[in-house]
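Please read the structure below before turning to the comments.
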Amino acid sequence: MAASLQPACLDLHFAGKHPPPLKHTNNPTFLRCVSSPNLPEPDSSPDTSITRDQRKVVRIAWEKIVRWSRSLRAKAKTDVLERTRKVVVLGGGSFGTAMAAHVAGRKEGLEVNMLVRDSFVCESINKNHHNCKYFPEHKLPENVIATTDAKAALLDADYCLHAVPVQFSSLFLEGISDYVDPGLPFISLSKGLELNTLRMMSQIIPTALKNPRQPFVALSGPSFALELMNNLPTAMVVASKDKKLANSVQQLLASGYLRINTSSDVTGVEIAGALKNVLAIAAGIVDGMQLGNNSMAALVSQGCSEIRWLATKMGAKPTTITGLSGTGDIMLTCFVNLSRNRTVGVRLGSGETLDEILSSMNQVAEGVATAGAVIALAQKYNVKLPVLTAVAKIIDNELTPTKAVLELMSLPQVEEV
């Protein structure tokens with residue numbers, strides 16, 4: 001029995017002979033398992049120090065990046081901001097307010113008008129420089145002016161930021177269309193799909209305004225309104241088929257704490273921004289059910305694939321889906337508690353009903369309405385979306401979160417491509 005307690009490598013050292021039993025000893029060298037007595041003892045703490053040459057390589061690489069950045073900044077145009085006198089923001093919600101504050105801070109004397117519905121919010125902004133409903137603790141720049149008068153808000157505006165929720169946009173825009181200049185660029189901050197028509201904002205805005213040539217830009221990317229209000233570093237994308245317009249909006253919005261990339265892939269930026277809200281509900285459900293980190297990673301990974309499948313069928317570029325407006329926005333919305341859509345999912349996964357959740361919220365979770373539209377799009381483009389479809393079924397109260405998990409885990413095993 002004693003022989004069976006010996007370390008396996010001692011059998012090699014004794015060349016197949018039965019080794020003598022080990023006696024009790026405090027000598028660590030004697031107890032060490034070695035294949036050869038001449039090999040040095042391995043170092044338990046590997047050398048991780050950086051050599052002087054390695055430091056030099058890193059320093060040179062960083063200096064090149066800094067020189068490149070400074071060179072481009074020196075050539076950057078500022079004429080758009082200099083020419084801009086007035087910007088109008090449609091909607092007085094959290095993100096519209098954050099963007100109004102940001103734009104107002106870009107230039108002293110720039111007039112920023114917020115068109116709001118709530119007269120109480122309007123008065124709060126004009127008298128106290130606070131949006132009492134969404135940002136009662138944050139002071140707005142004094143050049144942010146609120147109004148309930150659409151004609152006054154839109155008069156002589158150089159740019160329009162549209163921050164009205166998608167499901168209400170058509171009716172709202174039809175009501176103000178008489179005051180909209182046909183050449184006024186619309187920068188859409190709204191993410192989602194119109195439930196009955198499956199339209200995105202790039203289709204809703206020109207249709208509602210009865211102007212197919214209305215200049216349009218989609219603004220999207222990982223950005224919480226609260227962090228924008230706190231001037232925390234953020235990066236977003238502006239997408240337009242008009243490259244000159246995209247560059248102009250980039251000049252208007254980019255600042256020391258807000259990076260703005262440009263893109264021509266309007267479809268990719270819009271569809272990613274819409275679908276990530278539905279995926280965020282799924283991520284919240286996983287968290288609410290306490291299914292763990294492995295489950296969360298698997299679900300979000302599958303959801304990213306589903307978004308890519310549908311988006312590319314609709315004409316989006318795969319690189320857009322893996323960029324800021326795709327993967328970047330997905331990560332923020334799925335993993336961070338500030339997300340409204342994720343919060344809906346957490347509460348669904350915890351056992352609350354959708355009616356209970358929505359009645360207690362003072363902001364719109366676009367993913368709730370978008371979920372049904374996503375499934376209709378999937379059918380139109382013949383794409384299977386198991387995770388996003390499950391969310392739609394849960395929202396329609398046709399499937400419980402527990403049953404959805406069982407069904408998803410029972411799907412056929414597949415080969416990754």
Side-chain angles (χ1 to χ4, degrees), residues 80 83-104 109-126 131 133-134 140 143-220 238-242 244-246 248-249 252-253 266 270 364 366 369:
V80 170
R83 291 198 310 266
T84 303
R85 297 287 177 264
K86 180 180 178 180
V87 174
V88 60
V89 179
L90 306 180
S94 58
F95 203 74
T97 302
M99 288 304 298
H102 171 71
V103 173
L110 175 62
E111 182 181 343
V112 178
N113 275 202
M114 290 181 65
L115 179 60
V116 300
R117 292 184 307 165
D118 192 327
S119 58
F120 187 62
V121 170
C122 182
E123 184 179 4
S124 173
I125 291 173
N126 291 335
N131 184 324
K133 189 173 182 180
Y134 296 105
L140 298 173
N143 52 328
V144 174
I145 303 166
T147 181
T148 56
D149 184 343
K151 183 177 181 180
L154 288 158
L155 183 65
D156 296 328
D158 297 300
Y159 292 92
C160 175
L161 274 66
H162 179 91
V164 177
V166 172
Q167 306 308 322
F168 307 106
S169 287
S170 285
L171 190 60
F172 171 80
L173 290 168
E174 287 169 4
I176 67 169
S177 60
D178 289 344
Y179 313 122
V180 176
D181 187 283
L184 176 64
F186 266 68
I187 305 166
S188 174
L189 315 182
S190 308
K191 300 175 183 178
L193 297 167
E194 196 171 49
L195 186 55
N196 295 324
T197 65
L198 312 183
R199 295 182 302 179
M200 295 178 286
M201 290 306 304
S202 57
Q203 299 162 308
I204 293 171
I205 289 175
T207 302
L209 296 178
K210 299 179 178 63
N211 178 15
R213 296 183 178 277
Q214 193 77 43
F216 177 84
V217 178
L219 175 69
S220 191
V238 291
S240 178
K241 294 178 180 178
D242 183 339
K244 185 177 179 181
L245 178 58
S248 296
V249 175
L252 176 70
L253 300 180
V266 176
E270 284 202 282
V364 176
E366 288 279 14

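Source: prediction; values computed, not measured.
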Taking it one step at a time, do D156 and R85 satisfy side-chain contact (heavy atoms from CB on, under 4.5 Å)? CA-CA 9 Å; D156 296 328; R85 297 287 177 264; over 6 Å; no
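Rounded to the nearest 0.5 angstrom, L171 CG and I176 CD1 are separated by 11.0 Å. Between the CG atom of L253 and the CE atom of M99 there is a distance of 4.5 Å, given to the nearest 0.5 Å. To the nearest 0.5 angstrom, I187 atom CD1 is 12.5 Å from H162 atom NE2. With rounding to the nearest 0.5 angstrom, the CD1 atom of I125 is 4.5 Å from the CG atom of N131. Between atom CD of residue E123 and atom CG of residue D118 there is a gap of 10.0 Å, rounded to the nearest 0.5 Å. With rounding to the nearest 0.5 angstrom, the CZ atom of F216 is 8.5 Å from the CE atom of M200.
Contact of the L90 side chain with the F186 side chain is registered, since non-hydrogen atoms from C-beta on lie closer than 4.5 Å. Counting heavy atoms from C-beta outward, T207 and K210 have side chains that stay 4.5 Å or more apart. Using a 4.5 Å cut-off on side-chain heavy atoms (C-beta onward), I205 and S188 make contact. Annotation: side chain of R199 is in contact with side chain of S170 (closest heavy-atom distance under 4.5 Å).
Side-chain atoms of S240 do not come within 3.5 Å of backbone N or O of A246 as any donor-acceptor pair. Remark: the backbone N or O of D181 is paired with a side-chain donor or acceptor of Q214 at under 3.5 angstrom. In this structure a side-chain-to-backbone donor-acceptor pair under 3.5 Å is missing from E194 to I204. Within the 3.5 Å criterion, the main-chain N or O of F120 finds no donor-acceptor partner in the side chain of K133. Side-chain N or O atoms of N113 include none that pairs as donor or acceptor with a backbone N or O of V88 at under 3.5 Å. Side chain of D158 to main chain of T84: no donor-acceptor pair is present (N/O by atom type, distance under 3.5 Å, no hydrogens or angles). Panel note: side chain Q167, backbone L193; a donor-acceptor pair is recorded below 3.5 Å.
Nearest heavy-atom pair, V116 versus T148, reported as atom, atom and distance to 0.1 Å: O-CG2, 3.3 Å. Shown here for V166 and S190, the closest heavy-atom pair between the two residues is CG2-CB, 3.9 Å. Closest heavy-atom contact between L184 and C160: CD2-CB, 3.7 Å. Here the shortest heavy-atom pairing between S177 and A208 reads CB-O, 4.2 Å. Looking at every heavy atom in both residues, L154 comes nearest to Y179 through CB-O, 3.6 Å. Residue P215 comes nearest to G183 through the heavy atom pair CG-O, 3.6 Å, listed as atom of the first residue, atom of the second, then distance.
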